[in-house]
Amino acid sequence: MNTDELRQRLEFYQDLGIKTLYRRTVIERAMPPHPQPPAVVVSLPTLEPKQDSLLNILADIGDCKRCRLHEARHKIVFGSGNEQSKLVFVGEGPGADEDAQGLPFVGRAGQLLTQMIEGTAAKEGIPIKRSDVYICNVVKCRPPENRTPQPDEMEICGQFLYRQLQAIKPKAICALGGTAAKALLGVQEGVTRLRGKWHSWHDIQLMVTYHPPYLLRPYNQNAKKEAWEDLKKVLHYVYD
Ligand code: URA
């Protein structure tokens, strides 16, 4: 395994939350079997730099070509908003408008997300605007035809989402839709089972709600009400 492959493998472990690997010392055949040498803990150099920052992460992403999504992208969509926010929204991946502007949730679904955040906050007497929260996606490049990102794409890009969330360390995360929920929680259940309840991502409270593009479809109006309820819970938890 060369250094790059090793780094990728370690980053994958880190995405899974594994920070320490254990290796038994090699016992030479000639050594007497007793007493057994103690297991040696190999503490890996942490792959997220000690003082990680969004700027560092952006620099590490660079002109990323780590997966096939780079082939058709126009702009990498890293994330936007308040970098010290107590609340981070995580979507699935950029669409056409986001790909053109390099910003997350700027198309129709983005307008709905803005309304959801600002409308709910205003109704609940919580003085925040969209610019007070941080918004990003699981994958940073637009999947062709807005298809769902594939597992390997999410795995590769997931290291950067992991670092973004660790660098911001919000009080809560709101996963927008099943793909973000599955990527963050590592579960297979769909959004209808996961939404409206608190989960945990590395000791940070995580709420799942619907994906805004899903809420734009006229036959999903009931889901819209549920999404508003989910958001109310999140905003009160974070800002009360
Ligand atoms: N726009 C985004 O940035 N992400 C989504 O998941 C959907 C639309």
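All ligand and atom numbering here is 1-based and tracks the order in the structure.
- When only non-hydrogen protein atoms are considered, atom 8 (C) of ligand 1 lies nearest to Phe105 CE2, 3.6 Å.
- Shown in contact with His211 at under 4.0 Å from a heavy atom are these atoms of ligand 1, numbered in order with element: 5 (C), 6 (O), 7 (C).
- For ligand 1, the atoms sitting less than 4.0 Å from at least one non-hydrogen atom of Gly91 are 6 (O), numbered in the order shown with element in parentheses.
- Under 4.0 Å is where a charged nitrogen must lie from a carboxylate oxygen, and between Asp152 and Arg66 no such pair does.
- At most 12 non-hydrogen atoms from other residues, nucleotides or ligands lie less than 6.0 angstrom from CD of Gln84.
- Atom 4 (N) of ligand 1 has its closest protein heavy atom at Asn137 OD1, 2.8 Å.
- Annotation for Glu71: atom CD counts as buried by contact number, over 12 foreign heavy atoms lying within 6.0 Å.
- Regarding atom 1 (N) of ligand 1, its nearest protein heavy-atom neighbour is Glu98 OE2, 3.1 Å.
- The shortest heavy-atom distance from Gly93 to ligand 1 is under 4.0 Å.
- Heavy atoms of other residues, nucleotides or ligands lying less than 6.0 angstrom from CZ of Arg68 number more than 12.
- Other residues, nucleotides and ligands contribute at most 12 non-hydrogen atoms within 6.0 Å of the NZ atom of Lys123.
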